[in-house]
S.K.: 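Okay, handing you the structure first.
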Amino acid sequence: MSQIVVIGAGQAGSSLVAKLRNTGFDGQVTLIGEETAPPYQRPPLSKAYLLGEMALERLYLRPESFYADNDITLRLGTRVDAIDTTAREVVIGDERLRYDQLALTTGSTPRRLPAAIGGTLDGVHVVRTLEDVDRMEPEFAEGRRVLIVGGGYIGLEAAAVASKKGVTVTLVEMADRILQRVAAPETSDYFRNLHTSHGVNIIEGVGLETLTGEGRVTGARLSDGTELDVDFVIVGVGIAPGSALGEAAGLEIENGIKTDAQGRTSDPAIWAAGDCASFPYRGGRIRLESVPNAIDQAEIVARNMMGEEVDYTAKPWFWSDQYDVKLQIAGLNSGYDNVVTRPGEKDGSVSYWYFQGDSLLAVDAMNDPRAYMIGKRLIEGGKSPDRAAISDINIELKSLM
């Protein structure tokens, strides 16, 4: 009987095994995860779950019974030590698990601060797993002081939750502005104003020099000499693809595990999907860190493991929730050279449209789902409306379709 093993029990892994069964695969399926919880949603961890607005069971992607009901062997709390590509076996301690096809959906891991600057002190947290969030939740008591290192979306979402819980928040970003790596100055300005209006102290263009404390963090010194008293720290300085297992097995690595358009790695029996995988995109190669990508790519890989040979065509979109603002992003803005602003119909709603020359690349929409949906459809359809028409609120966006 054919045996498929999937390593990584997150969004991509769960989607892949479900699709295998949904498309009629009747061989053995094993899904292996390091965490003890069944596959769950990550985005609500740092928002609704941390705020106490979402119960643990609602985080689960599928009921625990789903896996047994679909004859999927779910092995949780299990670390894979190695992949023997010659024998086609996964090594787990003294056990060797045979596979005919293997999929790596090993996700990504948060970058941590070096121990030399206090990164291993108690009270220094990252936001990635259920265990991470459960560990930090007791810290969020009214009147306490948190330092957030990193002004990307993870840091800003953590700042919003902390502020809502009555924590005094200082956020430090080494770059000239928050969101510099991923967004235009207009989007940075929008979220800076949003956070400062909620009492968050944002310090830009300044790095963290060191954290201080005996055993537990009690303070921080910034690169400009500023010293802060802190009760806990949240680190949001990016993530790295979970490619170590694949690299050790001899797979080609290029910003993650390198795959072809169908999700196949340099070993024809091994596939990859989700945060850990890079793939061809518009003449280049990208790796997308998003839930939609994890689902769509994993489902394509499942179909290709069944022999369909379908190329994956990415349709990038992302979102972030901060306070009462929902940011929705369509497309990828890399290479943009101008940004068009379109005010929304409601107070505080606006959209920023990224162009390279006359070509529409991406849209950031704040509390403006209509602008997001139309922008997404235009980008996916390869259409680029006139820039002047976008900024003219007397012209209906729908007419640009």
Side-chain angles (χ1 to χ4, degrees), residues 2-17 19-20 25 29-34 78-92 96-111 128 181 238-316 332 334-335:
S2 182
Q3 165 86 334
I4 290 179
V5 175
V6 181
I7 302 174
Q11 183 79 66
S14 179
S15 299
L16 199 157
V17 297
K19 189 68 173 180
L20 283 172
F25 179 72
V29 177
T30 303
L31 177 60
I32 303 172
E34 284 195 15
T78 301
R79 179 179 175 81
V80 173
D81 296 306
I83 300 164
D84 183 336
T85 57
T86 303
R88 292 195 178 179
E89 292 176 334
V90 169
V91 181
I92 304 168
R96 298 178 77 90
L97 180 64
R98 185 187 66 82
Y99 66 83
D100 295 296
Q101 296 189 82
L102 175 67
L104 298 177
T105 53
T106 42
S108 53
T109 56
R111 300 184 190 279
R128 187 62 181 167
R181 187 178 65 86
I239 60 176
S243 53
L245 195 60
E247 186 171 8
L251 302 182
E252 283 189 42
I253 304 296
E254 186 177 336
N255 183 26
I257 300 167
K258 183 178 181 180
T259 74
D260 64 14
Q262 297 180 5
R264 191 181 289 103
T265 72
S266 54
D267 183 317
I270 302 179
W271 309 74
D275 284 10
C276 69
S278 70
F279 57 92
Y281 182 78
R282 296 186 177 178
R285 175 167 291 275
I286 61 169
R287 186 176 59 82
L288 290 177
E289 300 164 0
S290 75
V291 169
N293 174 71
I295 296 170
D296 295 345
Q297 192 178 22
E299 290 187 347
I300 288 290
V301 165
R303 292 168 59 188
N304 290 332
M305 293 175 99
M306 297 277 288
E308 285 197 42
E309 298 193 2
V310 182
D311 286 355
Y312 174 53
T313 303
K315 298 177 180 178
L332 295 174
S334 52

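Positions are given from 1, in the same order as the sequence printed here.
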S.K.: Are any of the side-chain heavy atoms of Gln3 and Thr30 separated by less than 4.5 Å?
M.R.: yes

S.K.: Roughly how far, to the nearest 0.5 Å, is the CG atom of Asp311 from the CD1 atom of Ile300?
M.R.: 8.5 Å

S.K.: Grab the two heavy atoms, one from Gly107 and one from Asp275, that are nearest each other, plus how far apart they are.
M.R.: C-CB, 3.6 Å

S.K.: Can you give each donor-acceptor pair under 3.5 Å made by side-chain atoms of residues 266-273, sequence neighbours left out, with the distance rounded to 0.1 Å?
M.R.:
from   : atom 1 : to     : atom 2 : distance (Å)
Ser266 : OG     : Glu252 : N      : 2.9
Asp267 : OD1    : Ala269 : N      : 2.9
Trp271 : NE1    : Gln101 : OE1    : 3.0

S.K.: Might you point out which heavy atoms bring Ala12 and Gly274 nearest each other, and give the distance in Å?
M.R.: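 Minimum heavy-atom contact is CB-CA, 4.2 Å.
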
S.K.: Determine, stepwise, if the pair Asn255 / Arg285 fulfils side chain to side chain contact (heavy atoms under 4.5 Å, CB included).
M.R.: CA-CA 9 Å; Asn255 183 26; Arg285 175 167 291 275; over 6 Å; no

S.K.: Between Leu16 and Leu31, is there a side-chain heavy-atom distance shorter than 4.5 Å?
M.R.: no

S.K.: Just how far is it from atom CD of Gln297 to atom SG of Cys276, taken to the nearest 0.5 Å?
M.R.: 8.0 Å

S.K.: Would you compute the distance between atom NZ of Lys258 and atom OG1 of Thr265 and round it to the nearest 0.5 angstrom?
M.R.: 11.5 Å

S.K.: Any side-chain heavy atom of Thr259 sitting closer than 4.5 Å to one from Arg264?
M.R.: no

S.K.: Please examine the side chains of Asn304 and Val310, heavy atoms only from C-beta on, and report whether any two atoms are closer than 4.5 Å.
M.R.: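 A side-chain contact under 4.5 Å exists here.
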
S.K.: Report the distance from atom CG of Asp84 to atom CZ of Arg98, rounding to the nearest 0.5 Å.
M.R.: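 Those atoms lie 13.5 Å apart.
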
S.K.: Find the distance between CD (Glu299) and CG (Leu20) and round it off to the nearest 0.5 Å.
M.R.: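 That separation rounds to 10.5 Å.
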
S.K.: Taking the side chain as C-beta and beyond, is there a heavy-atom pair between Ile83 and Tyr99 under 4.5 Å?
M.R.: yes

S.K.: Do Phe279 and Leu288 touch side chain to side chain, with heavy atoms closer than 4.5 Å?
M.R.: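 Phe279 reaches Leu288 side chain to side chain.
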
S.K.: With a 6.0 Å cut-off (strictly less than), is the heavy-atom count around CZ of Arg79, excluding the residue itself, greater than 12?
M.R.: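 Open.
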
S.K.: List the residues meeting salt bridge (charged side-chain N to carboxylate O under 4.0 Å, His left out) with Asp81, not counting sequence neighbours, and say none if there are none.
M.R.: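 Checked Asp81 against salt bridge (charged side-chain N to carboxylate O under 4.0 Å, His left out); zero matches.
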
S.K.: Is there a side-chain contact between Arg128 and Ser108, using heavy atoms and a 4.5 Å cut-off?
M.R.: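 Contact flag for Arg128/Ser108 side chains = yes.
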
S.K.: Whether Lys315 and Asp296 form a salt bridge (side-chain N of Lys/Arg under 4.0 Å from carboxylate O of Asp/Glu) is what I want to check.
M.R.: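 No salt bridge links Asp296 with Lys315.
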
S.K.: Given side chain to side chain contact (heavy atoms under 4.5 Å, CB included), test Val90 with Leu102 step by step and report yes or no.
M.R.: CA-CA 9 Å; Val90 169; Leu102 175 67; 3.9 Å; yes

S.K.: I want to check something: taking the side chain as every heavy atom from C-beta on, are Val80 and Thr106 in contact at a cut-off of under 4.5 Å?
M.R.: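 When only atoms from C-beta onward are counted, Thr106 and Val80 do not touch, as no gap falls below 4.5 Å.
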
S.K.: Do the side chain of Ser290 and the main chain of Asn293 share a donor and acceptor less than 3.5 angstrom apart?
M.R.: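 Such a contact is found between Ser290 side chain and Asn293 backbone.
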
S.K.: Enter the distance from Ile295:CD1 to Ser14:OG here, rounded to the nearest 0.5 Å.
M.R.: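 Spacing of CD1 (Ile295) from OG (Ser14) equals 9.0 Å.
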
